[in-house]
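Atoms within a ligand are numbered from 1 in the order they appear, just like the ligands themselves.
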Amino acid sequence: MSPVSARLPGEDAAQSSQSGQDVSLLTEIDHVAIAVHDLGAAIDYYRETFGAVVDHREVVESDGVEEALLKVAESYIQLLTPTRDDSPVAKYLERKGEGLHHIGYRVSDCAAALDAVKAQGGKVIDEQPRPGSRGTTVAFVHPKTAFGTLIELVQE
Ligand code: CO
């Protein structure tokens, strides 16, 4: 696969560079997500060890997870635990155990970033952007075509 090319408004695909992009679609690391069995224990660990405290807590019913967001500068550590047995995070914990689950990259336009992934033949989990936590709009990119990393595109 060649590098993804950013398209500026008004510029068509033929004009955009094939050798790399002029403007990154990724504006910030939004969050690093860590799957855990015991959310309370993980929150305590981060507070007691690093002094990092919960900024936001939410149950995301559609994903079957409860998450706690700990702010680090402009990014978050996202501690994730399943709320039901058929949640993808429950399956992940069963298969791989606790640990790094996905990286959330902040983008200014989730749909455009998702289109860029698809345009390069990348496999996606979400065909369309959908609501995420904190009122964000998100889409997941499959790890298979993303060098083994589950990527979440996050638009605030
Ligand atoms: Co996430």
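- Clustering of Ile, Leu, Val, Met, Phe, Trp and Tyr side chains at separations under 4.5 Å places V89 together with V60, V65, L80, L93.
- Taking the side-chain hydrogen bond (donor to acceptor under 3.5 Å, both in side chains) definition, one finds that D85 meets it with nothing, sequence neighbours left out.
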All N/O donor-acceptor pairs, side-chain side in residues 48-55, below 3.5 Å, sequence neighbours left out:
unit_1: T49; atom_1: OG1; unit_2: Y45; atom_2: O; d: 2.7

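- Salt-bridge annotation for E156 and R134: present, with a side-chain N of the basic residue lying under 4.0 Å from a carboxylate O of the acidic one.
- One finds no salt bridge joining E66 and R84 here, because no Lys/Arg side-chain nitrogen approaches an Asp/Glu carboxylate oxygen to under 4.0 Å.
- Protein N/O/S atoms closer than 2.8 Å to the Co ion (ligand 1), listed by chain and residue number, are H31 NE2, Q78 OE1, H102 NE2, E152 OE1.
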**OP:** Run the numbers on E67 and S133 for side chain to side chain donor-acceptor pair (under 3.5 Å), then give the verdict.
**Re:** CA-CA 9 Å; E67 66 173 48; S133 66; 2.6 Å; yes

